[in-house]
Participant: 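Just passing along the structure, written as structure tokens.
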Amino acid sequence: MIDVDDLIALVRNYNPRCNVDLIRRAYAYGLKMHEGQVRKSGEPYFTHPVAVAAILTEQRLDDATIVTALLHDTIEDTRSTYSEVAELFGAEVAELVDGVTKLTNLQLSSAGSQQAENFRKLFMAMSRDLRVILVKLADRLHNMRTIKSMKPEKQAQKARETMEIFAPLAGRMGMQWMREELEDLSFKVLNPEARNSIMRRFLTLQRETGDVVHKITGDIRHELEKAQIEADVYGRAKKPYSIWRKMQEKDLAFSSLSDIYGFRVICGSVADCYRILGVIHQRWRAVPGRFKDYISQPKNNGYRSIHTTVSGRDGKRVEVQIRTREMHEVAEAGVAAHWSYREGVRAPNPFAVDPAKWIATLTERLDEGDTDEFLENVKLEMYSDQVFCFTPKGDVIQLPRGATPLDYAYAIHTRIGNSCVSAKIDGIRVPLWTRLKNGQSVEILTAEGQRPQASWIDIVTTGRAKAAIRRSLREEDRGRFVKLGQELARAAFEHVGKKASEKALRTAAKMLGLADENDLLARLGSAEMPARRVVETLYPELAMAVAEEVDAKRPVVGLTADQSFRRAQCCQPVPGERIVGITYRGQGVVVHAIDCRALEEFEDQTSRWVDLHWHSGRHAPAYTVSLDITISNDAGVLGRICTLIGEQKANISDLRFTDRKPDFYRLIIDVDLRDVEHLHTVMTALEADTDVAQISRHRDLTRRP
Ligand code: MN
């Protein structure tokens, strides 16, 4: 294990003025807290935090980050607490350690490739300081370097996570070396055969061509000496995983050198970069289309370099990158370059991207304005307007801040949203208006037949959910209104001896300036337009013919003088509805609604059927209809229902309970009405009442005349 003096020496190398006392105390505290704990490999646990700290010294990071590395597992795995860390090492360190702990606790195991991007965002959203991610990445790097002591299944799972989430995250932080190493360590676990075959071919190639790296770096150095330019030349073989990926992507064979070896020339000034480029292009032939100048046009993440590919006499191509030392630091350390020390001071690197701008480029939301205040503590505000939640399967759903379980349900599927009845967050039932937080896992409970409630509009924040709820409410209303409108139109037309055909309705809609007949019917059903108005529009000459009140003893047309009229009690037809009569010897004619199920038994006795229709005049309110109605069991509700019926000028002739539960009553109310239009007015008025859960006509086949 690296001892505390070695660690301090590593930090002092780049930061002589570091806080030695702080590091010493953190080291001693971590050692004491993890005492007795061992890693899978059998080593003392504290070797891990120390190794993580050492990795971060390679990036020359500040004291707070190094101390955080030493303490990163204390809150999670020992009896140490947030407040104790804050008391001993200050709020900044405590915040950083807490941030790393939160990331460690995220359940990433079931991440599919499609979800990886969301996980990376979740990571950033949960790290309020970029240094939290730097520590977490170093933590993962050390765990991957020592992965051999884990069980094989665990190895594969960690390697997959690393490949999908941590390696791209390192790349996004601008740390290319770390990305490459994480990828290669994962590659070794996930696809050892492929990696071995790359390594074998590598050796074969080396046998054939000799030590290419040594030869080429020597050639370049020689040319630079001749031109009297001071620069360092490095050559290296690319990592097996980079070669593998390139071969997969481009379907390339393992032969072209430029895809295997890379060369770098690191010099002192920008002017030297271009001089070196000239020297190299004079000596070797440049391959067209492979030259890129990221010095005059830097990448968003601050990367600057000149790239060119040249081919030697033997036709073999090699890629050369040319940049200054400061550019190189940014290329390797990425966002960490901001915290890096050079010669004991935090020397501003002119090419290092201000982390605030970095964040802005990551989110492509570069706002103008003062970014200086970001310099000390970089807060990650990039995803602060979003929350990321888990599905029970471990997928991540991205939602705007303030979103509720309903938003979440609609984000998954409109069907789930529409049938949502309740929600669980981290296994606990919560109200639907609860605001979601990062990293919570959410489960939606649905029920068949559940419909969106109007009150949901105020609970949701996403446009998607709002639109879906409105659409559903509208469709439901409209469907009901159109059906109701059909009945009203038919009754009104029959009243004047006409038929409410589709054609007639379409014509009326056109004359009234409406979209189509459904629009017209919906307006009739919602009582926006009286049915009489439609009749008047089409048949102005008939509209005025309001007849005298019809005799309740002879309300139908089609009976002979000696046939008496009786309403069937099973279906209780009312004026305006389509009817048929059935003759009984000595009992006269019983009038049924045309769709009454009781008519089935008379199907093959056609001689008993009598064609009838209601008188077209105004009927007396003498037709009893039974309504089956369910209302809440609250004080005053029943009284209000009765008043409502009275206000519609209908009379209640009987009322009986069929079911009484603590929360609702079910009852049958007999109401005396004029005709079908009157019936609909009463039913609509009741339906509109919030305490009426259900209302329908009660039809009872067992009741005979
Ligand atoms: Mn750790």
Side-chain angles (χ1 to χ4, degrees), residues 1-4 7 10 23 26-59 61 63-82 84-85 89 93-109 111 119-120 122-124 126-151 154-155 157-167 169-170 173 175 178-179 181-182 185-186 189 336 439:
M1 172 156 66
I2 304 169
D3 70 26
V4 67
L7 181 67
L10 286 174
I23 297 172
Y27 192 102
Y29 181 79
L31 189 62
K32 195 178 94 198
M33 286 295 143
H34 288 292
E35 194 170 23
Q37 298 177 347
V38 286
R39 304 198 81 209
K40 289 261 158 32
S41 61
E43 292 172 289
Y45 191 87
F46 194 56
T47 54
H48 164 67
V50 177
V52 174
I55 289 170
L56 292 165
T57 64
E58 288 167 40
Q59 293 171 73
L61 286 161
D63 295 343
T65 313
I66 302 297
V67 167
T68 299
L70 289 173
L71 305 177
H72 80 268
D73 283 329
T74 53
I75 293 182
E76 173 71 5
D77 294 337
T78 76
R79 62 197 152 80
S80 163
T81 60
Y82 177 93
E84 188 172 291
V85 172
F89 305 101
V93 168
E95 275 290 306
L96 289 169
V97 174
D98 186 52
V100 179
T101 306
K102 283 193 180 122
L103 292 192
T104 307
N105 287 338
L106 277 183
Q107 294 297 311
L108 303 176
S109 43
F119 273 99
R120 293 193 287 268
L122 173 60
F123 250 74
M124 298 202 191
M126 288 185 67
S127 325
R128 291 176 50 228
D129 190 312
L130 273 176
R131 289 174 294 178
V132 167
I133 294 179
L134 298 182
V135 175
K136 190 63 208 165
L137 285 172
D139 173 51
R140 178 51 63 113
L141 181 62
H142 183 245
N143 285 335
M144 286 304 293
R145 281 176 180 171
T146 54
I147 198 169
K148 277 283 160 261
S149 43
M150 283 186 183
K151 283 193 212 117
K154 194 89 180 175
Q155 283 188 29
Q157 182 216 320
K158 290 282 165 198
R160 218 173 301 118
E161 243 176 57
T162 303
M163 193 65 108
E164 285 166 358
I165 296 158
F166 292 92
L169 200 57
M173 294 290 123
M175 298 183 293
M178 189 184 278
R179 178 193 183 127
E181 186 172 347
L182 286 172
L185 289 166
S186 310
V189 173

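Counting convention: from 1, in listed order, for ligands and their atoms alike. Since the model is a prediction, treat every value here as computed from it, not as a measurement. When reading the values below, keep in mind they use all heavy atoms of this one structure, side chains included, and skip hydrogens, waters and symmetry mates.
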Participant: Please give the atom name: the N, O or S atom of Asp73 nearest to the Mn ion (ligand 1).
Facilitator: OD2
Participant: Checking one value in my table: which N/O/S atom of Asp139 lies closest to the Mn ion (ligand 1)?
Facilitator: OD1
Participant: Report yes if the side chains of His48 and Glu43 come closer than 4.5 Å at any heavy-atom pair, otherwise no.
Facilitator: no
Participant: Checking Asp139 against His72: is there a side-chain donor and acceptor pair closer than 3.5 Å?
Facilitator: yes
Participant: At less than 2.8 Å, would any N/O/S atom of His48, backbone or side chain, sit next to the Mn ion (ligand 1)?
Facilitator: yes
Participant: Between Glu181 and Arg145, is the closest basic N to carboxylate O distance under 4.0 Å?
Facilitator: yes
Participant: Closest approach of Leu61 and Ile66, non-hydrogen atoms and distance?
Facilitator: O-CG1, 3.8 Å
